[in-house]
Structure formats: structure tokens, C-alpha cells
Amino acid sequence: MRQTLPPRPQVLLECVNLCSWYGQAQILFDVNLEIHRGEVVALMGRNGAGKSSTLKALMGLMPRTRGEVYFLGTEQSQLEPFEAACRGMAYVPEDRRIFSDLTVLENLSVGRQPARAFPDGQEVPYWDFERLGHLFPNLAKLPHQRGSQLSGGEQQMLSIARSLMGNPLVLLLDEPSEGLSPLVVEQMAEMILTLKAQGVSVLLSEQNLQFAQWVCDRVYVIEGGEIVHQSSIQAWSPEAQTRISEGL
């Protein structure tokens, strides 16, 4: 029987003492974090610090985990990834994983799920191709273009758009600005802020300090699989930023 937490309407996703392993190697050590409704949170750290592993563990993609993951107050650490997706979580991997032989429209159709509502009954933003076209104007011009024919930035947008077709309450983005041109990074930031304004929560793993400061409300810093710092963006002291910059 799955555990439940006392109702906290603003907390959509939370993990408590989350640990994970690849084989015999422990990657995460008692990670604790929470994501509130309509909030953008950055998980920052250098390569190999555990950012991607944290997102995968939250989504149920790690081969072995211990600890609790609560989504909408219900413990779900034993759910399969597709079950987490059906409950309203979405995960965008760093390597995008679009279907290269399918068109933009066909890729989007793969991610389609029914409409959803928040626990208080308010409707979650419902996404279709027309609405996504306003969010991603580049994709709107390429409905019949195959995934393999898209640029790196367009593939990243398509991967995010496909996840939004599931009408998620929480979106997990792994390194969304990695390898993109400054113009596309700016478009990505505007997209994240638009999602936030519509009540969607976003947890992104990131190394780009400027990008994180641009879009995020709060930040967690992870080193060696452990959370070593957390604060609001506004409370980020110059000393903390210097330490994080040196660590990255």
C-alpha cells in the first residue's frame, strides 16, 4: 500500500532521503527536495554530480533506489516510468530521444494524453499542435519535417513539446540549454517562463548559471550525489554564487 502525506496543495513533487545506485556504485545520497506548484527550480552541479540521476530517480528510471518520492502527496517510488507519466509527470532527457523517422506532428502525437486537473480542480494547461505552435513558432512551420532533418535546437524544442502533449503538472528538464545557440537559449527561457505563468512546475538540471538565474525561483546544488546548498534565487549571496561557479 502506498504511503500518503498530509495534504499540502502547493507541493506537487517531493523526495525524501532519496538514494540510488548503478550496480554496486551509489550515486545519490539522501537527496531531499520539493517542487511547488507554478515554480521553476534548478538542480545545479558539475558533470557527474548526480543531476541527471536525480531526475531519472524521480521519474522511476534508475535501476535501484531507496527513499520516498511523493507526487500529489502519494508515494510513487515503486511506479514504472509510464505510470508516473500517466499521473502527470513528464521527463525530457538530455539526449532528446525524438523519433528521427517520424514527422514533427507524428512525434507530438506519440505524447498525447487526456486533459488533467490540479488537486484543487483547476484545469492543467491543455496542449495541442495549435497551442504548441504559439510556444514554439519554429516547430509550427515544420509540421511534416522528419526529426532527423531538424536542427539541434529544433529537436530540443520538439522533445519538450512532445512531453507537453501529456499535459503534465511537473516537467523535468535535463540540461535544456546544453549545446544550444544563445538565441535558442533565450527562446528556451521564454518558454519556461510561459509554462510557469500557466501553473506548470519545472525542475531543470543545469550548469548555466545565467540561465538558471533568468528563469528559476529556487536552486539546489548537488555535489557527489548530495545536496550541499539550497536557497531562493533572491537569497543567493555573492559568496554562494562564487562557490558554485568554481565548482561548475
Side-chain angles (χ1 to χ4, degrees), residues 1-23 27-28 30-39 41 43 50-99 102 106-128 132 158-176 195 198-205:
M1 183 175 180
R2 286 186 284 168
Q3 304 175 20
T4 56
L5 289 176
R8 291 188 294 165
Q10 296 304 316
V11 178
L12 295 186
L13 178 64
E14 179 179 8
C15 65
V16 179
N17 297 328
L18 183 62
C19 303
S20 67
W21 290 258
Y22 283 117
I27 307 300
L28 300 180
D30 295 318
V31 171
N32 293 275
L33 57 80
E34 62 183 37
I35 314 300
H36 300 166
R37 180 169 167 178
E39 182 181 46
V41 176
L43 179 63
K51 303 188 305 298
S52 296
S53 296
T54 300
L55 267 60
K56 290 177 181 178
L58 291 171
M59 196 67 195
L61 291 164
M62 290 291 286
R64 179 183 167 201
T65 61
R66 187 183 69 207
E68 291 81 46
V69 176
Y70 294 93
F71 181 55
L72 303 178
T74 301
E75 209 277 332
Q76 66 165 39
S77 59
Q78 301 306 311
L79 295 184
E80 295 292 335
F82 77 89
E83 294 175 303
C86 287
R87 294 197 68 216
M89 290 179 60
Y91 168 65
V92 180
E94 182 181 2
D95 55 2
R96 298 156 189 165
R97 298 189 188 179
I98 63 168
F99 295 100
L102 299 184
E106 290 168 340
N107 267 278
L108 295 177
S109 296
V110 169
R112 187 183 300 277
Q113 291 196 52
R116 303 181 191 279
F118 289 103
D120 63 2
Q122 180 181 344
E123 292 183 355
V124 173
Y126 181 79
W127 298 95
D128 54 22
L132 286 169
L158 178 57
S159 182
I160 295 172
R162 183 180 59 190
S163 295
L164 291 178
M165 287 290 286
N167 308 311
L169 286 72
V170 174
L171 183 64
L172 309 179
L173 295 178
D174 197 356
E175 301 279 5
L195 294 179
Q198 296 177 352
V200 177
S201 301
V202 180
L203 173 63
L204 56 94
S205 71

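Hydrogens, waters and symmetry mates are skipped; everything else that's a heavy atom, side chains included, is used.
The nearest pair of heavy atoms linking Arg162 to Ile98 is NH1-CA, 3.4 Å. Closest of all the heavy-atom pairs between Pro125 and Asn167 is O-OD1, 3.6 Å. What you find for Leu58 and Gln76 is that their closest heavy atoms are O-NE2, 3.9 Å. Of all the heavy atoms in Arg37 and Asp120, the pair that sits closest is NH1-OD2, 3.0 Å. Nearest heavy atoms, Met59 versus Met89: CE-O, 3.7 Å. The shortest non-hydrogen separation linking Gly50 to Leu28 is O-CD2, 3.6 Å.
Rounding to the nearest 0.5 Å places CD of Glu34 at 11.0 Å from CD of Gln10. Interatomic distance, OG of Ser52 versus CD1 of Ile27, reported as 11.5 Å (0.5 Å rounding). One distance of note links CG of Asp128 with CG of Leu164; it measures 11.5 Å at 0.5 Å rounding. Interatomic distance, CD of Glu83 versus CD of Gln78, reported as 10.5 Å (0.5 Å rounding). To the nearest 0.5 Å, the span separating CG on Asp174 from CG on Leu43 amounts to 9.0 Å.
Taking 4.5 Å as the limit, every side-chain heavy atom of Trp21 sits out of range of all side-chain heavy atoms of Met62. Using a 4.5 Å cut-off on side-chain heavy atoms (C-beta onward), Leu169 and Phe71 make contact. Between Thr65 and Cys19, the closest side-chain pair of non-hydrogen atoms is not below 4.5 Å. Residues Ser163 and Tyr91 have side chains not in contact (no heavy-atom distance under 4.5 Å, counting atoms from C-beta outward). Side-chain contact between Val69 and Leu13: present, with at least one pair of heavy atoms (C-beta onward) separated by less than 4.5 Å. At least one side-chain heavy atom of Leu158 sits under 4.5 Å from a side-chain heavy atom of Leu108.
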Can Asn32 and Leu18 be said to form a side-chain contact (heavy atoms from CB on, under 4.5 Å), step by step?
CA-CA 7 Å; Asn32 293 275; Leu18 183 62; over 6 Å; no

Kindly determine whether Leu33 and Val41 satisfy side-chain contact (heavy atoms from CB on, under 4.5 Å), including the steps that lead there.
CA-CA 10 Å; Leu33 57 80; Val41 176; over 6 Å; no

After noting the C-alpha distance and the side-chain angles of Lys51 and Glu175, does the key distance pass the side-chain contact (heavy atoms from CB on, under 4.5 Å) rule?
CA-CA 9 Å; Lys51 303 188 305 298; Glu175 301 279 5; 3.1 Å; yes

Check step by step if side-chain contact (heavy atoms from CB on, under 4.5 Å) holds for Phe118 and Leu12.
CA-CA 9 Å; Phe118 289 103; Leu12 295 186; 4.2 Å; yes

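Taking a 6.0 Å sphere around CD of Glu123, one finds it holds 12 or fewer heavy atoms contributed by other residues, nucleotides or ligands.
Judged purely by atom type and a 3.5 angstrom limit, Asn17 has no side-chain atom pairing as donor or acceptor with the backbone of Gly67. Proximity of a side-chain donor or acceptor of Ser20 to a complementary backbone N or O of Arg64 within less than 3.5 Å is not detected. Although no hydrogens or angles enter the test, the distance criterion places a donor-acceptor pair under 3.5 Å between the side chain of Glu75 and the main chain of Ser77. Under a 3.5 Å cut-off, the side chain of Arg97 and the backbone N or O of Val92 do not form any donor-acceptor pair.
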